[in-house]
Amino acid sequence: MSVNKIIKRVTTNTILAMKANGEKVSMLTAYDYSTARALDDAGIDVLLVGDSAANVFAGYETTLPITLDNMIYHASAVARGAKRALVLVDLPFGEYQGTPEDAFKSAVRMMKESGVHALKLEGGVEILENIKKIIDAGIPVCGHLGLTPQSINKFGTFGVRAQADAEAEKLKSDALALQEIGCFAIVLEKIPAKLAKEVSESLSIPTIGIGAGNGCDGQVLVVNDMLGFTKDFKPKFLRRYMEMYDGMVEAATKYAEDVKSGNYPNESEQY
Ligand code: KIV
């Protein structure tokens, strides 16, 4: 008799309850089915199909070129691999900053065609009406403040944001507005740890930090970075849990040697 293990799905309610209970939220990015399966097996709470796929998967310098079709492709692969984790996906640049109706259409396409559970949108009061239109349709939204990579051409650098008082004040009021409108969480990227802690303590929804210190309610990293697959990317906030690039070079070198020498395949590896 086969015993099917019942896996309880992480939902946006689970994430909100974690904040209420003081439990930190673990989030990693994923862009494909196999990685999603491994991260899900590891018990990661949220898999973020980040538009950082444009950087680490496709090799673009910024996240701007990735399309809605590209993101739907990545998101549906991750959704098929995740049995327990909540799957969250970025709406890409240009797909939600126009009218609320435009944003709504992109959101509905993503939800229908990918099978994910929630969407992430970058920005504060400027896109509030658009976020409201999406949330009102029953689609959970996670905000994203601080270093919002889709605005890199406005910022000019990938440096720490909200160090000046005016930008810090705007970030605080944006965070409250996002909570007020119904967002279930907010990613805080590359801002001073003191500010991130203050914002986190002022909200009842969880903040998920990346380069925002230990006072956030959860943490997210780009999986390729924390596995050491992006060899030369070493920002201060990044902790590497593996040296995957070096391991791949070593394995591929050994494979090439074995093929050249006739050592692969051996008798037990053929039919
Ligand atoms: O696209 C992404 O990977 C992200 C994370 C850096 C938060 O938005």
Side-chain angles (χ1 to χ4, degrees), residues 15 24-32 35-36 39 44-68 70-75 77-78 82 85-97 106 110 114 116 118-124 127 131 140-152 155 157-162 171 174-175 178 183-191 196 199-200 205-213 216-227 229-230 233-240:
I15 301 298
K24 298 256 187 183
V25 179
S26 60
M27 185 189 292
L28 282 173
T29 66
Y31 315 104
D32 67 275
T35 307
L39 302 184
I44 298 299
D45 299 314
V46 184
L47 301 188
L48 168 64
V49 188
D51 59 357
S52 52
N55 311 119
V56 298
F57 185 88
Y60 291 112
E61 268 189 33
T62 74
T63 56
L64 274 64
I66 202 158
T67 65
L68 188 58
N70 295 156
M71 289 302 292
I72 289 170
Y73 174 76
H74 287 293
V78 171
L86 179 115
V87 182
L88 172 66
V89 61
D90 272 323
L91 280 189
F93 174 70
E95 297 292 344
Y96 61 92
Q97 295 95 340
S106 306
M110 177 59 83
S114 72
V116 301
L119 307 178
K120 179 162 80 59
L121 275 66
E122 296 182 6
I127 57 158
I131 294 178
V141 172
C142 173
H144 184 159
L145 300 172
L147 177 63
T148 45
Q150 292 177 15
S151 300
I152 186 59
F155 298 147
T157 81
F158 286 100
V160 179
R161 302 306 312 174
L171 189 143
D174 278 345
L178 290 175
C183 287
F184 74 93
I186 303 176
V187 166
L188 296 176
E189 180 164 355
K190 233 173 168 189
I191 62 170
V199 171
S200 305
I205 60 170
T207 60
I208 315 293
I210 173 163
C216 295
D217 303 304
Q219 298 292 328
V220 56
L221 284 175
V222 169
V223 71
N224 300 49
D225 298 341
M226 63 82 77
L227 294 179
F229 200 8
T230 44
F233 185 65
K234 292 179 177 167
K236 184 179 174 187
F237 68 79
L238 177 64
R239 185 180 297 178
R240 281 193 174 171

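All ligand and atom numbering here is 1-based and tracks the order in the structure.
- Close contacts of ligand 1 with I210, meaning ligand atoms under 4.0 Å from a residue heavy atom, involve 6 (C).
- When only modelled atom types and interatomic distance are considered, S52 and N55 share no side-chain donor-acceptor pair under 3.5 Å.
- Looking at K120, E122, E189, it is K120 that brings a heavy atom closest to atom 8 (O) of ligand 1.
- Residues L178 and L145 meet the side-chain proximity criterion, which asks for heavy atoms closer than 4.5 Å.
- No more than 12 heavy atoms of other residues, nucleotides or ligands sit less than 6.0 Å from atom OH of Y60.
- Between M27 and ligand 1 there is no heavy-atom distance shorter than 4.0 Å.
- Among all protein heavy atoms, the one lying closest to atom 7 (C) of ligand 1 is L48 CD2, 3.7 Å.
- In terms of polar-atom proximity, defined here as any N/O pair under 3.5 Å, T29 makes no such contact with ligand 1.
- Judged by distance alone, with hydrogens and angles left aside, the side-chain atoms of E95 form no donor-acceptor pair with the main-chain N or O of S106 at under 3.5 Å.
- Under the 3.5 Å distance criterion, the side-chain polar atoms of D217 are matched with a main-chain donor or acceptor of T207.
- Near G50, with a cut-off below 4.0 Å to any heavy atom, the atoms of ligand 1 are 1 (O), 2 (C), 3 (O).
- Taking every non-hydrogen atom of D90 and a distance limit under 4.0 Å, the qualifying atoms of ligand 1 come out as 1 (O), 2 (C), 8 (O).
- By the neighbour-count criterion of 12 heavy atoms within 6.0 Å, atom CZ of F184 is densely surrounded, having more than that number from other residues, nucleotides or ligands.
- Looking at Y31 next to ligand 1, no N or O pair under 3.5 Å apart turns up.
- Within the 3.5 Å criterion, the main-chain N or O of F158 finds a donor-acceptor partner in the side chain of K190.
- In terms of protein heavy atoms, atom 2 (C) of ligand 1 is closest to S52 OG, 3.3 Å.
- Near H144, with a cut-off below 4.0 Å to any heavy atom, the atoms of ligand 1 are 8 (O).
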